[in-house]
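When a residue number appears, it is its place in the shown sequence, counting from 1.
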Amino acid sequence: MALGASFFFYQIFQGIKSLTQQKIIFGQPYWIIPAFFLAILVTRLQMLAWQMLMTGLQTHLAWGDVLQGYVLSFIPRYIPGTVWGYITRGEWLNKSFAIPFGVTNLGSVLEMVFILIANLTWIASGYISTIWWKFAILIAPLFLTWVVWTITQWLAPKPVFLIAFGKEAEAAVRSFSLPRWLALTMLIIIFWGLQGLSFQMVIWSFLPTGQSLAWSLTEYWTATSSYNLAWFIGFIVLFVPAGLGLRETFLSRLIQEKLSQPAGTASVIAIAFRLVLAFGELIWALVALIINRWRVLPGSKPGNSSSVLTTPKK
């Protein structure tokens, strides 16, 4: 966690340093405020989606439990290799709530399946010119996740599944209802859509002072699909911590090509959006630290969950 936090703060430091070295300024800086609040909201949606997923796997984590540990336990994902955040999350859930590693690992695999299906759908929608077809393609993840649900239910009793995840995971996945599965899919689609809107607002913040917005739904869709594509590129390159640098480079190129921004401005926009998302996550990390500190203070009332990554439940 300490190593992951060092990478996390390093990206913030590098982002701020890069911005201060640029001569490009915010022409309409007030757009950064709603972009920042949207970044806080998308992290909240990510936690909500994960809670819904784990509840579907019969873990029954309360919102306080998720708030206390989700962001903090996932900080090690910034270490090159990506998997470290999932390992730390498994340790937290096992020690604090006696959740088997197999169930946690299954939840992590399914979470990534949901995220990637929605992510790739947004990417594909960016290459469709007709706006109604753009909306129509957002239905595709519902079909794809239904296919995944069917395959998962079929695989659950098979030896390969039991070896990978264990008997507890089999029972958990068999109880996962299809309506919850589909609702989770829609939530992840909204999650990516709101990130795209936050990205659009960061772009607006660099417009010249006094320039009116020539906004359109097509422009929003282009921005959202471009960010999703840049995120995907950063995700599949495992040796880069959270896509740091690579994601911004690719996003900068997309901003130039698809959103008609100059090269210098495009680079600054990509860096600024990385910072907006990082500060949105930092807010939730600070909230979790405050809650953990309050719960271990002498005389504090015991809650429904234990201190994150410390005392296991009895």
Side-chain angles (χ1 to χ4, degrees), residues 1-2 4-5 8 39-78 82-115 165-177 179-181 183-188 190-191 194 277 280-314:
M1 287 185 66
F8 175 69
I40 296 174
L41 177 60
V42 296
T43 304
R44 170 67 173 91
L45 283 181
Q46 189 175 15
M47 290 190 284
L48 178 62
W50 182 74
Q51 181 187 20
M52 183 184 296
L53 171 62
M54 296 306 291
T55 300
L57 294 175
Q58 301 300 304
T59 57
H60 303 297
L61 294 170
W63 166 240
D65 301 325
V66 177
L67 180 59
Q68 186 182 1
Y70 179 85
V71 173
L72 290 182
S73 68
F74 211 34
I75 287 292
R77 80 181 187 279
Y78 287 99
T82 303
V83 299
W84 308 108
Y86 296 102
I87 293 173
T88 311
R89 178 194 287 175
E91 285 290 325
W92 162 52
L93 292 176
N94 183 260
K95 291 183 177 181
S96 296
F97 308 102
I99 297 174
F101 288 107
V103 174
T104 302
N105 292 338
L106 175 61
S108 296
V109 170
L110 291 178
E111 180 186 28
M112 193 48 58
V113 168
F114 283 115
I115 287 175
F165 301 109
K167 290 290 294 183
E168 296 90 349
E170 178 197 1
V173 79
R174 282 183 171 277
S175 65
F176 206 127
S177 68
R180 176 182 291 273
W181 196 279
L184 182 56
T185 303
M186 293 305 302
L187 188 59
I188 298 298
I190 295 171
F191 161 79
L194 289 178
L277 292 179
E281 184 177 358
L282 180 61
I283 291 296
W284 289 108
L286 292 175
V287 169
L289 287 172
I290 292 171
I291 292 176
N292 277 285
R293 178 62 178 168
W294 175 77
R295 288 188 173 183
V296 299
L297 286 174
S300 62
K301 295 181 180 179
N304 292 328
S305 62
S306 54
S307 181
V308 64
L309 301 175
T310 52
T311 309
K313 275 192 171 184
K314 301 298 183 182

- Item | Point-to-point distance, once rounded to the nearest 0.5 Å, from CG of Asp65 to NE2 of His60 | 12.5 Å
- Can you find a pair of side-chain heavy atoms, one from Leu57 and one from Phe176, that are under 4.5 Å apart? yes
- From Trp284 atom CH2 to Ile291 atom CD1, the distance as rounded to the nearest 0.5 Å: 8.5 Å
- Item | Side chain Asn105, main chain Phe101, donor-acceptor under 3.5 Å | yes
- One should read off an interatomic distance between Ile283 CD1 and Ile40 CD1, to the nearest 0.5 angstrom, of 5.0 Å
- Got a sec, which residues hit side-chain contact (heavy atoms from CB on, under 4.5 Å) with Ala169, two or more places apart in sequence or on another chain? Val103, Leu106, Phe161, Phe165
- Please identify each residue that fulfils side-chain contact (heavy atoms from CB on, under 4.5 Å) with Leu41, with sequence neighbours left out. Leu38, Leu194
- Task: Please round to the nearest 0.5 Å and tell me the distance separating atom CD of Gln68 and atom OG of Ser73.
- Result: 10.5 Å
- Only one of Thr43, Leu286, Leu289 forms a side chain to side chain contact (heavy atoms under 4.5 Å, CB included) with Val71, so which one is it? Thr43
- Query: At their closest point, which heavy atom of Leu187 faces which heavy atom of Met52, and how far apart are they?
  - Reply: CD2-CE, 4.2 Å
- Message: List the residues meeting salt bridge (Lys or Arg N to Asp or Glu O under 4.0 Å) with Glu111, not counting sequence neighbours, and say none if there are none.
- Response: Arg89
- Item | Partner residues of Ser175 under the side chain to side chain donor-acceptor pair (under 3.5 Å) criterion, sequence neighbours left out | Gln58
- Please name all residues satisfying side chain to side chain donor-acceptor pair (under 3.5 Å) with Glu281, sequence neighbours left out, ordered by chain then number. Arg77, Tyr78
- Query: If we only count heavy atoms from C-beta on, is the Phe114 to Leu184 side-chain gap below 4.5 Å?
  - Reply: yes
- At their closest point, which heavy atom of Gly107 faces which heavy atom of Leu53, and how far apart are they? O-CD2, 3.2 Å
- State which residues pass side-chain contact (heavy atoms from CB on, under 4.5 Å) with Ile87; sequence neighbours excluded, sorted by chain then number. Val83, Trp84
- Note on the structure: Taking every heavy atom of Ala5 against every heavy atom of Ile75, the minimum-distance pair comes out as N-CG2, 3.2 Å
- Query: Is a side-chain N or O of Asn94 found less than 3.5 angstrom from the main chain of Glu91, in a donor-acceptor match?
  - Reply: no
- Task: Just jot down the side-chain contact (heavy atoms from CB on, under 4.5 Å) partners of Gln46, sequence neighbours excluded, or say none.
- Result: Tyr70, Phe191
- Contacts of Arg180 that satisfy salt bridge (Lys or Arg N to Asp or Glu O under 4.0 Å) - sequence neighbours left out: none
- Query: Among all residues two or more places apart in sequence or in another chain, which pass the side chain to side chain donor-acceptor pair (under 3.5 Å) test with Thr104?
  - Reply: none
- Message: Between Leu61 and Leu93, is there a side-chain heavy-atom distance shorter than 4.5 Å?
- Response: yes
- Query: Atom CG of Leu67 and atom CG of Leu72: how far apart are they, to the nearest 0.5 Å?
  - Reply: 9.0 Å
